[in-house]
Amino acid sequence: MSSTIDYSQELSVVEGKPPLRSIDDAIIKPLDSKPDKKYYMALAVTISMLGIGVIGLALSFYYGTGLWGNNNPVGWGFPIVNFVFWVGIGHAGTLISAILFLFRQKWRTGIARFAEGMTIFAVMTAMIFPAIHVGRPWLAGYLMPYPNQHSLWVNFTSPLLWDVFAVSTYFTVSLIFWYVGLIPDFATLRDRTSNKIKKIIYSVFSLGWRHSNRHWQHYEMVYLILAGFATPLVLSVHTIVSFDFAVSIIPGWHTTIFPPYFVAGAVFSGFAMVQNVLIFIRKIFNYEHIITLDTLEKMNKIILLTGMLVGYAYGMEFFIAWYSGVQPEQFAFVNRAFGPYAWAYWIMVSCNVISPQLFWFKKIRRSIPVMFVVAVFVNVGMWFERFVITVTSLSRDFLPSSWAYYTPTLTDFAILIGSFGLFFTLLLLFTKTLPVVSIAEVKAVVDGAQPSHKDH
Amino acid sequence: MSSSQSNVDYQHKPLPSSFTKIGTALLAIGLIIVIIGYFIDPTRAAFNNLILLMFLVSIGLGSLFLVGIEYLGGAVWSTPFRRITEFLASVLIVIPIIAIPVYMHMHDLYHWTHNEAVQADKLLKGKEPYLNLEFFTIRIVVFLLIWLAFYFLLTKNSKKQDTSKDQGLTKKNIKISAIFMPFFALTITFSAIDWMMSLEPHWFSTIYGVYYFSGTMLAALAATTYLLIYLNERKLLFKGLNQDHYYSFGALLFAFTNFWAYIAFSQFLLIYYANMPEETFWYLARWEGSWIVFSIGLIIVHFVVPYFGLLSQPSKMNPKRLKFMSLWILFAHFYDLYWLIMPTYNKEGIVFGWMELGFPLLAVGIVALMFGLKANKQNLIPVGDPKLIRGINFRL
């Protein structure tokens with residue numbers, strides 16, 4: 001089909017012109033049917049992973065953070081690496097739901113709901129890490145600037161505080177955005193269900209939605225405004241996460257390209273994760289006509305683009321480190337590529353820069369097994385990117401006497417596994433409680449559903 | 001599908017003669033001022049010439065990028081206006097001519113071209129493998145060749161499509177655009193570093209290329225927006241241009257105004273916060289004497305005015321407002337380039353005189369003439385493009 005694309009016709013993003021009712025049926029089916037054995041098996045795996053993380057955390061609370069690999073001079077180990085990784089995973093959701101909405105990309109409709117859900121779960125997972133990394137999470141409330149009896153006031157010049165504001169704003173707006181999109185679908189569910197308890201729950205959440213013209217008008221307006229709000233947040237959150245590093249004077253951290261570079265990296269890893277999970281969802285729930293191969297191909301193109309943006313940033317950092325003539329800066333980068341952490345650096349480069357280059361080829365962009373593997377590489381690579389940034393710079397302090405090699409402990413790994421467990425457990429529960437594809441939005445992009453402007 | 005092709009209501013008409021006349025007049029006046037300028041104060045003229053050069057690169061290369069991104073993204077709404085952008089990209093052809101006088105005054109502009117200074121300075125000595133005249137020349141020539149090659153490839157196919165209506169040409173251009181993108185990213189970055197950042201050879205910033213790119217996008221978008229409104233007012237485009245087309249341009253101008261501010265602020269904040277002397281001196285130089293006024297003015301001119309001018313939805317759809325804002329944004333980009341370049345020429349404060357007026361006139365003249373030359377020969381809309389009808393009928 002590739003050679004006969006007719007550019008004068010708009011390609012439908014939903015295949016085969018399915019009747020609208022069948023879309024309802026297809027999307028709601030997982031909610032009405034009892035989960036099968038495979039579902040419970042998957043849930044058992046993710047909950048076990050979560051359990052491992054809970055054990056790791058419980059031990060950390062009992063014995064203290066000395067159980068982690070964090071030590072002088074590498075004070076930021078796994079917790080910060082994981083935090084940045086998970087916040088990054090969330091970014092694809094907001095990009096798909098907000099920015100692609102503003103760009104009127106219709107192919108987003110099939111994947112937006114799911115990606116937004118992943119955003120929320122990823123941010124929830126991410127928020128664990130700064131909380132535990134401060135060592136005394138019960139004091140984290142003081143990060144909120146409120147007049148308290150201890151006359152404690154926050155340090156507004158600290159990036160840690162900016163993180164609190166940025167991430168909590170991001171989480172709130174993402175949640176509202178997600179919920180607003182769900183309202184018409186709740187109404188559809190309410191109208192279909194015969195279960196009394198479900199009916200009450202759906203009625204409450206659908207806020208009296210009647211699918212009326214007025215409702216839709218308001219809905220479209222709110223959705224557009226929220227998309228406008230969420231768009232700067234896509235940039236701001238990871239920008240501020242990058243500030244955690246870049247406002248310091250540590251060689252390898254302090255570089256002006258960090259904000260856009262981190263944003264590109266976040267979108268990169270987020271898309272890879274969304275693509276990975278969607279490959280399963282569309283297969284298991286028979287959504288192949290809604291989340292089409294074309295959609296996946298487009299996602300792969302974005303992975304290729306953002307992968308090259310990240311590659312550009314790697315190159316730029318290296319070049320300017322040399323060009324600047326600043327010796328610590330030059331050392332930091334040579335040390336990254338050829339020092340004790342060279343293995344991590346080259347994993348990062350090969351996963352993030354080299355492997356996405358395969359997506360230049362249409363055949364590979366449309367081959368599900370290959371794209372899955374590439375996206376897994378991307379996720380691994382992006383985790384290693386944060387590891388390389390955090391650890392290599394800290395492990396070589398300005399004084400050679402304070403150099404050390406950071407080794408993560410079992411507890412660190414347990415918490416990392418636990419974070420994956422939490423994320424995937426939430427995702428699995430999501431697939432059985434809420435429509436993972438927006439019913440209303442998909443109906444609007446089916447062939448023949450569009451209003452015609454030509455003859456009115 | 002071929003039946004839907006044939007009902008474009010378009011006949012090629014030449015531009016009003018005033019367009020080329022004014023363009024030629026501006027070019028002539030500008031040229032005279034520039035030549036006098038080179039006789040009286042060649043250094044100052046060369047600095048101004050560098051601003052002119054970068055401004056024209058912004059228009060030409062930025063437009064070529066817009067053409068490429070339309071093919072790559074499969075954009076439909078912008079197809080009816082792609083010719084305007086293509087014509088603007090033809091400015092690339094004159095870049096070599098504009099670059100020659102700058103190149104002849106390298107010694108006045110760039111500290112690193114002074115061999116004795118480089119030998120005495122450890123930092124500059126370290127940069128010598130990159131910052132030397134031979135490699136610099138090679139880079140400029142290679143960059144220019146890359147730009148011109150992609151310009152001719154993309155526009156040739158587009159022009160051919162007017163008569164052949166061959167969809168294969170669209171496909172070809174999509175492939176060319178994809179290959180163009182990595183070249184674009186690298187050439188625009190290193191052009192910015194070579195021509196502008198190396199004016200202060202001790203200073204460095206990894207975001208510099210992105211910063212110049214953000215301004216480039218604004219300049220190219222603004223020029224396209226202005227011209228499409230101008231042409232539409234004179235009924236030279238197609239029938240059926242509507243609010244939603246305007247809105248798309250307004251929204252993009254607004255988005256990139258914010259993007260520029262984001263990049264500019266990121267660079268500033270990180271350098272300000274870390275407070276390291278090897279970086280801060282660049283900003284401190286722009287805080288010296290009357291430069292402080294100019295620097296604060298940059299925030300207002302380049303961000304505050306376009307931000308509030310394009311914030312509301314009606315303003316993005318209003319051709320009058322868009323026309324004003326696009327001219328304003330072009331001015332803001334010139335202002336930005338002045339801010340980047342001129343503090344190296346005069347550390348005490350801003351310099352402004354007849355010479356600083358002559359170069360912008362020349363810039364407008366060159367763009368108008370190149371555009372006029374192309375527009376009088378070719379169709380103003382890509383009549384053979386398969387996406388054209390969809391683009392004309394585009395609704396939000």
Side-chain angles (χ1 to χ4, degrees), chain A residues 2-11 99 102-105 157 159 224 231-232 235-236 239 242-243 246-250 253-261 263 298 301 304-305 308-309 311-313 315-327 329-330 360 450-454, chain B residues 1-2 4-5 72-77 122-127 129-131 167-168 170-171 178 181-182 185-186 189-190 193 202-211 248 251 255 258-259 262-263 265-271 273-276 278-279 385-390 393 395-396:
Chain A
S2 59
S3 57
T4 55
I5 295 174
D6 180 3
Y7 295 100
S8 66
Q9 303 299 322
E10 188 174 356
L11 278 180
I99 295 188
L102 294 183
F103 276 111
R104 308 172 208 116
Q105 297 295 306
T157 56
L224 186 65
T231 298
L235 296 167
S236 74
T239 295
S242 81
F243 284 171
V247 293
S248 71
I249 53 164
I250 309 253
W253 286 9
H254 176 68
T255 170
T256 48
I257 206 170
F258 254 40
Y261 154 41
V263 173
K298 289 187 177 96
K301 283 181 184 169
L304 172 63
L305 166 74
M308 290 207 291
L309 289 179
Y312 169 91
M316 217 54 221
E317 278 184 327
F318 241 96
F319 171 72
I320 295 288
W322 170 79
Y323 176 90
S324 70
V326 180
Q327 274 178 346
E329 200 70 37
Q330 291 174 342
W360 278 98
Q450 296 81 12
S452 163
H453 289 278
K454 279 174 201 162
Chain B
M1 91 209 183
S2 53
S4 67
Q5 290 281 305
L72 259 189
V76 168
W77 65 273
K122 207 181 149 203
L123 280 171
L124 292 188
K125 188 101 184 66
K127 295 177 202 213
Y130 182 79
L131 288 182
Q167 296 221 9
T170 302
K171 202 170 172 216
M181 289 304 151
L186 291 177
T189 305
F190 285 99
I193 291 174
H202 292 108
W203 190 71
F204 53 90
S205 172
T206 41
I207 209 174
Y208 201 84
V210 186
Y211 180 90
S248 305
N258 285 297
F259 184 68
Y262 164 63
I263 297 296
F265 177 71
S266 297
Q267 175 173 274
F268 169 76
L269 182 84
L270 292 178
I271 289 174
Y273 199 111
N275 202 14
M276 298 206 284
E278 61 258 40
E279 295 177 336
D385 196 295
K387 293 189 293 185
L388 181 66
I389 302 281
R390 279 166 67 198
N393 294 329
R395 294 292 184 285
L396 277 176

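Remember, predicted model here, so these are calculated numbers, not experimental data. Order of the sequence lines fixes the chain letters, A, B, ..., with proteins taken first and strands second; residue numbering starts at 1 for each chain.
The two residues B/Ala274 and A/Ser248 have their closest heavy-atom pair at CB-O, 4.0 Å. Closest non-hydrogen pair, A/Trp322 versus B/Gly126, comes out as CZ2-O, 3.3 Å. The minimum heavy-atom distance linking A/Ser8 with B/Arg390 is given by the pair O-CD, 3.1 Å. Looking at every heavy atom in both residues, A/Tyr312 comes nearest to B/Ala185 through CE1-O, 4.0 Å. Taking all atoms of both residues into account, the shortest heavy-atom contact from B/Gln167 to A/Tyr7 is OE1-N, 2.8 Å.
Side-chain contact check for A/Thr239 versus B/Phe265: every heavy-atom pair is 4.5 Å or farther apart. Counting only heavy atoms from C-beta outward, the side chains of B/Met181 and A/Met308 never approach each other to under 4.5 Å. Between A/Pro232 and B/Tyr262, the closest side-chain pair of non-hydrogen atoms is not below 4.5 Å.
The neighbour count for A/Leu224 CG, taken as heavy atoms of other residues, nucleotides or ligands under 6.0 Å away, is above 12.
Note that the CZ atom of A/Phe319 and the CZ atom of B/Phe204 stand 12.0 Å from one another [nearest 0.5 Å]. Atom-to-atom distance recorded for B/Leu72:CG and A/Leu305:CG is 9.0 Å, nearest 0.5 angstrom. How far CD1 of A/Ile320 is from CD1 of B/Ile207: 11.5 Å, rounded to the nearest 0.5 Å.
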Inset, instruction - Determine, step by step, whether B/Tyr208 and A/Met316 satisfy the side chain to side chain contact (heavy atoms under 4.5 Å, CB included) criterion, reporting the C-alpha distance in whole Å, the side-chain angles of both residues, the deciding distance to 0.1 Å, and the verdict. - result: CA-CA 10 Å; B/Tyr208 201 84; A/Met316 217 54 221; over 6 Å; no

Inset, instruction - Dump the intermediate steps for side-chain hydrogen bond (donor to acceptor under 3.5 Å, both in side chains) on A/Thr256 and B/Tyr211, then the final yes or no. - result: CA-CA 11 Å; A/Thr256 48; B/Tyr211 180 90; over 6 Å; no

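When the side-chain contact (heavy atoms from CB on, under 4.5 Å) test is applied to A/Val247, the partners found at least two apart in sequence or on another chain are A/Pro159, A/Trp162, A/Phe243, B/Leu270, B/Tyr273. For A/Glu329, the side-chain contact (heavy atoms from CB on, under 4.5 Å) criterion is met by A/Pro251, A/Ala321, A/Ser324, A/Val326, A/Phe333, not counting sequence neighbours.
Both the backbone and the side chain of A/Thr255 come within contact range of chain B, judged by heavy atoms closer than 4.5 Å. Only the side chain of B/Lys122 comes within less than 4.5 Å of a heavy atom in chain A; its backbone stays farther off. In this structure, chain B has no heavy atom under 4.5 Å from any part of A/Leu304. At a 4.5 Å heavy-atom cutoff, the contact between B/Ile263 and chain A is made by side-chain atoms alone. Proximity to chain A (any heavy atom under 4.5 Å) is restricted, for B/Leu269, to the side chain, taken from C-beta onward. In this structure, chain B has heavy atoms under 4.5 Å from both the backbone and the side chain of A/Tyr323. Residue B/Ala178 touches chain A through both its backbone and its side chain, counting heavy-atom pairs closer than 4.5 Å. Residue A/Gln330: no heavy atom, backbone or side chain, is found under 4.5 Å from chain B. Neither the backbone nor the side chain of A/Ser236 comes within contact range of chain B, judged by heavy atoms closer than 4.5 Å. Interface remark: B/Glu278 contributes side-chain atoms only to the contact with chain A (heavy atom separation under 4.5 Å).
Between the side chains of B/Thr206 and A/Tyr261, not a single donor N or O lies within less than 3.5 Å of an accepting N or O.
Ranked by heavy-atom pairs under 4.5 Å with chain A, the first of B/Leu186, B/Asn275, B/Asn258, B/Leu131 is B/Leu131. The candidate with the highest count of non-hydrogen atom pairs below 4.5 Å against chain A, out of B/Gly74, B/Pro129, B/Ala75, is B/Pro129.
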